[in-house]
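Inspection log for the structure reproduced underneath, given as structure tokens.
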Amino acid sequence: MIHGPDDEIPLPGGNVGGAVRVGDTVRRPTGPWTPAVHDLLDYLAAAGLPRIPRVLGIDDRDREILTFLPGRVLDIGRETLSDAQVRSAMHWLREYHAVVAGFPRDRRRWRFVARALEPGEIVCHHDSAMYNMAFDGDELAGVFDWDVAGPGIPLDDVAMFSWNSAVLFPDADAEEVAHVLRTIADGYGDLDPHVVLDHVIVRMTSAADRIAAAQAEGDPGMLRLGEIGEPASTRARLRVLSLRLPELHAAL
């Protein structure tokens, strides 16, 4: 069946790429990083990792074709994840990190870097946030938007998830932040919530630097992030979070 523009349903979010739904598929812009991302998704599918999109090819507009993942995406800033949803997301993230540890370590062109994996690194999702996760009740149903995947350490993904939990907004209550960080650490397993909190600063400083560098190089998706105030917004939140670290550590 040939689909036209009238069949396309813009998906919410999409500040970087602008994804649309066509039937039971999702179409997203491609880039030099797409072959590496498709290799990753194919590897994960072959390994039996659940809750990920399957690669179906490239359409006649040079967009990638992925399977649509059903489920509900919570509205970041307006809704918060339940403890059960956090644990479900962290259980999956731990499973993903275990599976992806076997992915070939040779040099590939990712969105932000072109290199092989270094000792201790895996391929991280790098945007494992609630806005890229769909839920069926309390259970994680799908994880999408893999276009910024690339080298990192497992704690990078945990820190990204923590940063984008609504409780880490500047006016979040310290006790609530501590509760969610403990839930994240317990859900993933074998993590100290103090270590997670400190790594949020490291990870998001790196994220802001990567976005700024990609904008300087003319990356269209990162330039769209600039239109909504990134990375300046992230840097401003980091300054507030840095000042609150003693308070938050005490609450933990």
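Just so it is clear, the structure is predicted and the values come from calculations on it, not from any experiment. All residue numbers refer to positions in the sequence shown, counting from 1.
When atom types are taken as modelled, the side chain of Asn132 and the backbone of Asp127 share a donor-acceptor pair closer than 3.5 angstrom. Arg105 places a side-chain N or O within 3.5 Å of a backbone atom of Glu118 that can act as its donor or acceptor partner. In this structure, Trp92 contributes its side chain and Ala141 its backbone to no donor-acceptor pair below 3.5 Å. A distance-only check finds no donor-acceptor pair linking the side chain of Ser206 to the backbone of Val202 [under 3.5 Å]. Formation of a donor-acceptor pair under 3.5 Å by the Glu64 side chain with backbone atoms of Arg28 is not found in this model. Arg203 places no side-chain N or O within 3.5 Å of a backbone atom of Thr205 that could act as its donor or acceptor partner.
Residues Val113 and Leu40 fall within the same hydrophobic cluster, defined by Ile, Leu, Val, Met, Phe, Trp and Tyr side chains chained together at heavy-atom separations under 4.5 Å. Cluster annotation: Val73 is not connected to Val148 through the hydrophobic network of ILVMFWY side chains, with a link wherever side-chain heavy atoms come within less than 4.5 Å. Under the 4.5 Å side-chain heavy-atom criterion for Ile, Leu, Val, Met, Phe, Trp and Tyr, Leu69 and Val26 are members of distinct hydrophobic clusters. Criterion: ILVMFWY side-chain heavy atoms under 4.5 Å apart, direct or through other members. Under it, Val177 and Ile201 are part of a common hydrophobic cluster.
Phe169 is listed as a side-chain neighbour of Arg237, based on a closest heavy-atom distance under 4.5 Å. Between Leu49 and Val100, the closest side-chain pair of non-hydrogen atoms is not below 4.5 Å. The shortest side-chain heavy-atom distance between Tyr188 and Leu155 does not fall under the 4.5 Å cut-off. Taking 4.5 Å as the limit, some side-chain heavy atom of Met222 sits within range of a side-chain heavy atom of Arg111. Residues Met133 and Leu81 fail the side-chain proximity criterion, which asks for heavy atoms closer than 4.5 Å. Between Leu66 and Val55, some side-chain heavy-atom pair lies under the 4.5 Å cut-off. Here the side chains of Met160 and Met204 are in contact, with some heavy-atom distance below 4.5 Å.
Within the structure, ring pair (Phe, Tyr, Trp, His ring centres under 6.0 Å) contacts touching residues 131-151 (residues at least two apart or in different chains) are Tyr96-Trp146, His125-Trp146. Sorted by first and then second residue, the side chain to side chain donor-acceptor pair (under 3.5 Å) pairs with a member in residues 162-173 form an empty list; sequence neighbours excluded. Screening residues 206-216 for salt bridge (Lys or Arg N to Asp or Glu O under 4.0 Å) gives Asp209-Arg235 as the qualifying pairs, with residues at least two apart or on separate chains. For residues 78-87, every residue pair satisfying the salt bridge (Lys or Arg N to Asp or Glu O under 4.0 Å) rule, not counting sequence neighbours, is listed here: Arg72-Glu79, Asp75-Arg78. The salt bridge (Lys or Arg N to Asp or Glu O under 4.0 Å) contacts involving residues 174-196 comprise Arg94-Asp190, where partners must be two or more places apart or lie in separate chains. Sorted by first and then second residue, the side chain to side chain donor-acceptor pair (under 3.5 Å) pairs with a member in residues 133-144 read Ser82-Asp138, Ser88-Glu139; sequence neighbours excluded. The ring pair (Phe, Tyr, Trp, His ring centres under 6.0 Å) pairs that include a residue from residues 36-86 are Tyr43-Phe103, where partners are two or more places apart or lie in different chains.
Pairing each heavy atom of Ile58 with each of Ile65, the nearest pair is C-CD1, 3.8 Å. In plain terms, the two heavy atoms of Pro35 and Pro32 that are nearest each other are CD-O, 3.5 Å. Of all heavy-atom pairs between Gly137 and Gln85, the closest is O-NE2, 2.9 Å. Closest of all the heavy-atom pairs between Ile122 and Pro154 is CD1-CG, 3.8 Å. The heavy-atom pair separating Ala149 from Trp110 by the smallest distance is O-CE3, 3.2 Å. Nearest heavy atom pair, residue Pro151 against residue Arg115, reads CB-NH2, 3.4 Å.
For the atom pair CE of Met130 and CG of Leu74, the computed distance is 5.0 Å after rounding to the nearest 0.5 Å. Asp147 CG to Thr30 OG1: the interatomic distance, rounded to the nearest 0.5 Å, is 11.0 Å.
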Sequence neighbours excluded and cut-off under 3.5 Å, please list the side-chain donor-acceptor pairs for residues 239-252, or say none.
| residue | atom | partner | partner atom | Å |
| --- | --- | --- | --- | --- |
| Ser242 | OG | Leu238 | O | 2.8 |
| Arg244 | NE | Glu247 | OE1 | 3.1 |
| Arg244 | NH1 | Pro170 | O | 3.3 |
| Arg244 | NH1 | Ala172 | O | 2.8 |
| Arg244 | NH2 | Ala172 | O | 2.8 |
| Arg244 | NH2 | Glu247 | OE2 | 3.4 |
| His249 | ND1 | His194 | ND1 | 2.8 |
| His249 | NE2 | Asp198 | OD1 | 2.7 |

message = Set out, in order, the CA-CA distance, both residues' side-chain angles and the distance that settles ring pair (Phe, Tyr, Trp, His ring centres under 6.0 Å) for Phe112 and His126, then state yes or no.
response = CA-CA 11 Å; Phe112 294 122; His126 275 319; 7.9 Å; no
query = Between Arg63 and Asp60, is a salt bridge (Lys or Arg N to Asp or Glu O under 4.0 Å) present by the stated rule, with each step listed?
reply = CA-CA 7 Å; Arg63 299 177 300 182; Asp60 56 3; 5.5 Å; no
ask   = Given Met90 and Leu191, is the side chain to side chain contact (heavy atoms under 4.5 Å, CB included) satisfied, shown in steps?
value = CA-CA 11 Å; Met90 289 300 97; Leu191 277 182; over 6 Å; no
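In this structure, the side chain to side chain contact (heavy atoms under 4.5 Å, CB included) partners of Thr67, at least two apart in sequence or on a different chain, are Pro53, Arg54, Leu56. Considering only residues two or more places apart in sequence or on other chains, Glu230 meets the side-chain hydrogen bond (donor to acceptor under 3.5 Å, both in side chains) condition with Thr234. Residues meeting the side-chain hydrogen bond (donor to acceptor under 3.5 Å, both in side chains) test with Thr25, sequence neighbours left out: Arg27. Scored by the side chain to side chain contact (heavy atoms under 4.5 Å, CB included) test, Ala114 finds Arg107, Arg109 as partners (sequence neighbours excluded).
Exactly one of Val123, Val99, Asp39 qualifies for a side chain to side chain contact (heavy atoms under 4.5 Å, CB included) with Leu44. That residue is Val99.
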